[in-house]
Amino acid sequence: MSGIVVFGAGGRAGRAVTAEARARGYAVTAVVREPARHPDLGAEGVTVVRGDVTDLRSVTGAAAGHAGAVHAVSPFSGPEQGFDTLDPGFFVKAADALLEGLAVAGVGRLVAVGLGANLLGADGRPVMDDPGAFPPAIRPFALAHTAGLHRLRERGNGPVDWVMLTPAGHLEHGGVRTGRYRVGGERLPGGGREPWLSYADLAVAVVDEIAQPVRHRTRVSVFNHRDERDQFPEVGREGGGN
Ligand SMILES: NC(=O)c1ccc[n+]([C@@H]2O[C@H](COP(=O)([O-])OP(=O)(O)OC[C@H]3O[C@@H](n4cnc5c(N)ncnc54)[C@H](OP(=O)(O)O)[C@@H]3O)[C@@H](O)[C@H]2O)c1
């Protein structure tokens with residue numbers, strides 16, 4: 001079985017994907033910008049390498065020889081960080097480097113993690129355009145993320161078969177792994193139930209789409225429902241996510 005290369009492996013989604021992939025027997029190449037900052041990441045079956053998802057050569061070098069790649073990178077980890085250093089072109093650069101670099105490296109599958117802010121709300125507007133539903137202060141990040149999705153759609157007809165899995169609603173760090181998830185489309189799920197997902201279940205969906213690709217060159221939403229979480233009260237919840 002060939003391995004999976006995870007860009008952003010030191011982050012919340014990247015760590016969850018790494019753990020899920022290892023549990024299923026995949027070797028993982030964990031790409032981080034500074035390995036010394038992640039001394040706990042290396043483990044049996046996990047090779048930690050230095051890399052930058054916006055750099056073509058870096059992507060090509062890290063990805064060669066893998067069955068699939070995961071894009072779990074974010075230049076913004078929380079409101080405390082602010083936006084002074086946010087590059088609005090970050091996700092476009094990442095999409096370009098991944099589509100081209102993976103093609104050169106001969107890696108045919110890319111699973112990217114999306115942002116729920118660009119799903120459509122009940123009124124048909126993107127969630128990020130509704131100040132009541134999404135903090136206006138974080139909109140620059142949402143716009144940057146959305147530009148990356150557009151780039152995948154514009155340029156993603158080449159040899160790399162990509163899919164973007166977008167968590168609809170709250171993504172919970174430390175939330176339970178149920179092993180289940182629902183898949184939706186461009187709209188936030190309705191029906192009066194609050195969409196919610198643990199990072200662990202996001203990782204299940206990500207690894208599923210590497211192991212057995214079902215969705216191709218598209219973006220879908222991925223979610224569970226918050227009331228289902230309450231079926232697992234014994235599991236610790238650390239909060240976080242956004
Ligand atoms: N509800 C939602 O829709 C929702 C909620 C949360 C997150 N998300 C999305 O999920 C994805 C992952 O988020 P997360 O919560 O896991 O973020 P996170 O915990 O902040 O981790 C992001 C990682 O990206 C890495 N990174 C930053 N710039 C990089 C670069 N140029 N090259 C390589 N790695 C780089 C950082 O790694 P180092 O500093 O170690 O290099 C960091 O560990 C993002 O797309 C985020 O927007 C969606």
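Start at 1 and go down the list; that is how both ligands and their atoms are numbered.
Within ligand 1, counting atoms from 1 as listed, the ones closer than 4.0 Å to a heavy atom of G116 are 2 (C), 3 (O). Close contacts of ligand 1 with H38, meaning ligand atoms under 4.0 Å from a residue heavy atom, involve 38 (P), 40 (O). Every atom of ligand 1 with a heavy atom of A13 under 4.0 Å away is listed here by number and element: 12 (C), 16 (O). For ligand 1 and F141, the ligand atoms under 4.0 Å from any heavy atom of the residue are 47 (O). Taking every non-hydrogen atom of Y199 and a distance limit under 4.0 Å, the qualifying atoms of ligand 1 come out as 6 (C), 7 (C), 14 (P), 15 (O), 16 (O). Short contacts between ligand 1 and F90, defined as distances under 4.0 Å to a heavy atom of the residue, involve ligand atoms 28 (N), 31 (N). Atoms of ligand 1 lying under 4.0 Å from any heavy atom of G10, numbered from 1 in the order shown and given with element: 43 (O).
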Are E100 and R155 close enough, and set up right, to give a side-chain contact (heavy atoms from CB on, under 4.5 Å), and what steps lead you there?
CA-CA 10 Å; E100 197 176 335; R155 297 215 172 154; over 6 Å; no
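At a heavy-atom cutoff of 4.0 Å, ligand 1 is contacted by no atom of H170, backbone or side chain. Under 4.0 Å from ligand 1, not a single heavy atom of F7 appears. Of the heavy atoms in R37, only side-chain atoms (C-beta onward) come closer than 4.0 Å to ligand 1. Residue P167 touches ligand 1 through backbone and side chain together, judged by heavy-atom distances below 4.0 Å.
Within the 4.5 Å cutoff, side-chain heavy atoms of L98 are placed close to those of F7. Looking at heavy atoms from C-beta onward, V6 lies out of side-chain contact with R15 at the 4.5 angstrom threshold. No side-chain heavy atom of R153 sits less than 4.5 Å from a side-chain heavy atom of M164. Residues R109 and P213 have side chains in contact (heavy-atom distance under 4.5 Å, counting atoms from C-beta outward).
For the pair D52 and K93, the salt-bridge criterion is not met [side-chain N within less than 4.0 Å of a carboxylate O]. Residues R139 and D129 are paired through a salt bridge, judged by an N-O separation under 4.0 Å between the basic side chain and the carboxylate. The pair D208-R24 counts as a salt bridge, with a side-chain nitrogen and a carboxylate oxygen less than 4.0 angstrom apart.
In this structure, G114 counts as a contact residue of ligand 1, since one of its heavy atoms falls inside 4.0 Å of the ligand. A heavy-atom separation below 4.0 Å is found between G169 and ligand 1.
Screening F76, F134, F90 against F141 for a ring pair (Phe, Tyr, Trp, His ring centres under 6.0 Å) leaves a single residue, F76. Applying side chain to side chain contact (heavy atoms under 4.5 Å, CB included) to L202 and the options N224, V207, L197 leaves one that passes, L197.
Of the candidates R50, E172, H145, the one placing a heavy atom closest to atom 45 (O) of ligand 1 is H145. When the heavy-atom distances from atom 13 (O) of ligand 1 to S74, G11, A16 are ranked, the shortest goes to S74. Residue V113 holds the heavy atom nearest to atom 10 (O) of ligand 1 of all those in V127, V113, L115, V31.
Under the side-chain hydrogen bond (donor to acceptor under 3.5 Å, both in side chains) criterion, T166 pairs with R219, not counting sequence neighbours.
In terms of N/O distances under 3.5 Å, ligand 1 is approached by D52. Polar contact check, R12 against ligand 1: a nitrogen or oxygen pair lies under 3.5 Å apart. Between V32 and ligand 1, not a single N/O pair is under 3.5 Å apart. Checking only distances, V53 does come within under 3.5 Å of ligand 1, N or O to N or O.
For R50 (side chain) and S58 (main-chain N/O), no donor-acceptor pair under 3.5 Å exists by modelled atom type.
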